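Report on one structure; see the data block that follows.
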Amino acid sequence: MFSSAASLRLPPSPKPNHRNSQSSSTENPIGTDLLYSFNTPFELKQAHSHIIKTNNPHSLLPLSRVAFVCAFSPSFNYARQIFHRVEKPEIFVWNSCLKTFAEGNSPIDAIRLFYRLRQFDVQPDTFTCSFLLKACSLLSDLSNGRIVHGLVLKLGFQSDLFVENTVVHMYACCGVIDDARRLFEKMPQRDVVTWNIMITQLIKLGEIGRAYDLFTQMPERSVRSWTAMIAGYVQCGKPKEAIHLFRQMEEAGEKPNEVTIVAVLAACADLGALDLGRRVHEYSNRCGFKRNVRICNTLIDMYVKCGCLEVARRVFDEIDERTVVSWSAMIGGLAMHGQGEEALRLFSRMSQIGIRPNGVTFIGLLHACSHMGLVNEGRKFFASMTRDYGIIPQIEHYGCMVDLLSRAGNLQEAHEFIKNMPIEPNGVVWGALLGGCKLHKNVELAEEAIKHLLKLDPLNDGYYVVLSNVYADAGRWEDTGRVRKLMRDRGVKKTPGWSSITIDGVVHEFVAGDVAHHQAEEIYKRWEKLLQQMKSRGYVPDTSVVLLDMDEDKKEHVLYRHSEKLALVFGLMNTPPRTPIRIMKNLRVCEDCHSALKLISAIAAREIIVRDRNRFHCFKDGSCSCREYCVIWEGDQLLEVIPQVFPLCEISVFVNLCGFTRVWSGGIKILLHLDQTLIKPNEHTNKPERLNDNPLLQEDGKKDIELKPLIEHEKSVK
DNA sequence: TTAGGGTTAG
């Protein structure tokens, strides 16, 4: 059952013990390097004979290596002879060897060595048991864990709190939490570590409620107890509870450490709580944690998710030694904010300096390609991750690829891709295809995607809503009604949408048609004024996003009360002019709100940053950073799909030219659809040329509008 | 020489 020393990983050579060594380098002519280099029993004997000949102390031998070489070779007794000559007890040396294995990356060798020791009647002590139990925990090796526990009882070590805690930990890690709990209940004495072990393991099993029950019962709490509980809430998707507990921790006078900071920042990232995130950042700097790379990585994520991409970039730039996590967080953040080109540039830099990407890096890259419509580039990255880096694509990578292909309109290819996946597609994968079908109006494939999605999650309201949208787009109102009936029959409720905005540290949450807010009346009045301005600049409400069966006027009324519009108006009323407005939404921003927010960003001269369920939208000067696809239609025929990677055009042009279409965007390249009208910018003058008559243009008298690239526009503003 | 908490994807 034992493998040979050659086939096992050697523990690292310990550093020379100069304190015990009585000889200086001049007194030790053979040098320690030679002594430390033995890997076989023969080489060990050579080194040992040197020790004897030169009359050097035995302590010069790296004893854990002696133990290792002898333990897995026939020379076990020889090791014992050597150990008898050193001052420390023999078991100490074996324990060092066990520790190296258990704490290193070969816990299985700790178990093997244990059996070898048993064969030779070496008497274990409490340390031996602790190291072995640790190895069993790492391996989730319950049968050996029980054997060691039996030994603990036999040797009477159960009164040793260190050992007993490790036994509890072992049972919990091996998946028998109830055994751990029984032992915990029976323990005559427990300390804060015992409680922390139970709490942490319950959290790992997703039993956050039971963990919190124990937390409330603790006789005393350490910073680790608080941190474990805060991090636990973040891990199980309860960031509000995490923040609440953090405040309680502060009130209790407990000082957060680096790990607490990471957990709280992660909660701020999830909540989009920028104010608190900033305060925690300042606190972290005051504590001297500025160089902690894990904190910096979480800060990048927090600022990205709170819509402050520039601050995130500053944190990234200031890190001394960036890890792959720092690069991945920044690349993913740039992609999420629509800065795909910069994300790819950063990846080049990362590769140039020799940082090896991981699976998460590729998720960011694929997102970047997806939002820029770089289909070939994305395909190359997907192939490269396995070929060049040996990273096996996970379900998330497949989801990104389907999203990339579907968004770009390659729906059949996306479908084939799903059918050929080596792993079972999940809701994200089919959902990506469904999203593409909605964008490109493919009812047939949408129905195929829905068939799978409803099998996976029959109560997910989002799927029904999208299908209903697809039918509505195709004018299939009977089918839309059928979907609504299906939802009713199955008891599927549409998740209520909400949007929130934080002003002076207070979070204001709005639902559609909200009348509960204390400023509701003023908000609606202000909206009416804004609506007039919007309409005068070409805004036409897109009532097709309202799936309810009602007349157009009522649909408009519903549209005007969408939660993100209310949050935005509230923000305009309560923040200084020209300052950015940040909004969070639990669902995707609807197409009408997207158009409206673009327009309002220009009218009110505000930057509006919206974090929705999927990504960020930064509305500025009438455009959005998400750069939707420009879908070109001629009559009913889809001509081309162009991702918006081209210079954006000046806002006044866009508001007037594009405010009437449902598929328009802030960018333009070759053709733009406008109520059956095709417009082509002249190749030389960049002036729009109409390919057929457009009554709206005539009404506006904007026949000679120039399509100025936004970049030039910005220069002229400066 | 022994026990407990941390970052990027969703």
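Per chain, numbering begins at 1; letters A, B, ... match sequence-line order. Not measured: the values here are computed from a predicted model.
Whole-Å rounding puts the A:Glu254 CD to B:dG5 C1' distance at 13 Å. Whole-Å rounding puts the A:Ile392 CD1 to B:dA9 C1' distance at 18 Å. Atom pair A:Leu183:CG and B:dG4:P shows a separation of 16 Å (rounding to whole Å applied). The distance between atom CG of A:Asn297 and atom P of B:dG6, rounded to the nearest whole Å, is 15 Å. Between the CG atom of A:Leu404 and the P atom of B:dA9 there is a distance of 20 Å, given to the nearest Å. Rounded to an integer number of Å, the gap from A:Leu365 CG to B:dT8 P is 17 Å. Distance A:Leu202 CG to B:dG4 C1': 13 Å, rounded to the nearest Å. The CZ-P distance, from A:Arg613 to B:dG10, rounds to 12 Å in whole Å.
Between B:dT8 and A:His367, no contact under 4.0 Å exists linking OP1 or OP2 to a side-chain N or O. Between A:Lys305 and B:dA9, a side-chain N or O to OP1/OP2 separation shorter than 4.0 Å is present. Between B:dA3 and A:Lys134, a contact under 4.0 Å exists linking OP1 or OP2 to a side-chain N or O. For the OP1/OP2 pair of B:dG6 and a distance below 4.0 Å, the side-chain nitrogens and oxygens of A:Gln235 include at least one atom meeting the criterion.
Contact annotation: side chain of A:Asn257 to base of B:dG5, donor-acceptor pair present below 3.5 Å.
Distance from the side chain of A:Lys99 is smallest for B:dT2 among the nucleotides B:dT2, B:dT8, B:dG5. The nucleotide whose nearest atom lies closest to any side-chain atom of A:Glu396 is, among B:dT7, B:dA9, B:dG5, B:dA9. Nearest to the side chain of A:Phe92, among B:dT8, B:dG10, B:dT1, sits B:dT1. Among B:dT2, B:dT8, B:dA3, the nucleotide with an atom closest to any side-chain atom of A:Asp301 is B:dT8. Nearest nucleotide to the side chain of A:Thr166, out of B:dT1, B:dA3, B:dT8: B:dA3. For A:Arg224, the listed nucleotide lying nearest its side chain is B:dG4; candidates were B:dA9, B:dT7, B:dG4. Nearest nucleotide to the A:Arg294 side chain, out of B:dG5, B:dG6, B:dG4: B:dG6. Each of B:dA3, B:dG6, B:dT8 was ranked by its minimum atom distance to the side chain of A:Asn165; first place goes to B:dA3.
Residue A:Val192 is classed as a base contact, given a heavy-atom separation below 4.0 Å to a base. At the heavy-atom level, A:Asn95 lies under 4.0 Å from base atoms of the strands shown. Residue A:Ser222 is in base contact, counting any heavy-atom pair closer than 4.0 Å across all strands shown. Residue contacts shown for A:Ile363 include a base, since a base heavy atom lies under 4.0 Å away. Residue A:Glu258 is classed as a base contact, given a heavy-atom separation below 4.0 Å to a base. At the heavy-atom level, A:Asp160 lies nowhere under 4.0 Å from the strands shown.
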May I have the step-by-step check of ring pair (Phe, Tyr, Trp, His ring centres under 6.0 Å) for A:Phe131 and A:Phe114, ending in yes or no?
CA-CA 10 Å; A:Phe131 293 131; A:Phe114 166 63; over 10 Å; no

Stepwise, does the ring pair (Phe, Tyr, Trp, His ring centres under 6.0 Å) test hold for A:Phe347 with A:Trp327?
CA-CA 8 Å; A:Phe347 179 68; A:Trp327 290 92; 9.3 Å; no

Give the C-alpha distance, both sets of side-chain angles, the deciding distance and a yes or no for ring pair (Phe, Tyr, Trp, His ring centres under 6.0 Å) between A:Phe215 and A:Trp195.
CA-CA 8 Å; A:Phe215 180 78; A:Trp195 289 85; 9.9 Å; no

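Annotation for A:Glu424: atom CD does not count as buried by contact number, only 12 or fewer foreign heavy atoms lying within 6.0 Å.
Between the side chain of A:Ser140 and the backbone N or O of A:Cys136 there is no donor-acceptor pair closer than 3.5 Å. Formation of a donor-acceptor pair under 3.5 Å by the A:Asn586 side chain with backbone atoms of A:Gly497 is not found in this model.
For the pair A:Arg356 and A:Tyr389, the cation-pi test (distance below 6.0 Å, angle within 45°) is failed.
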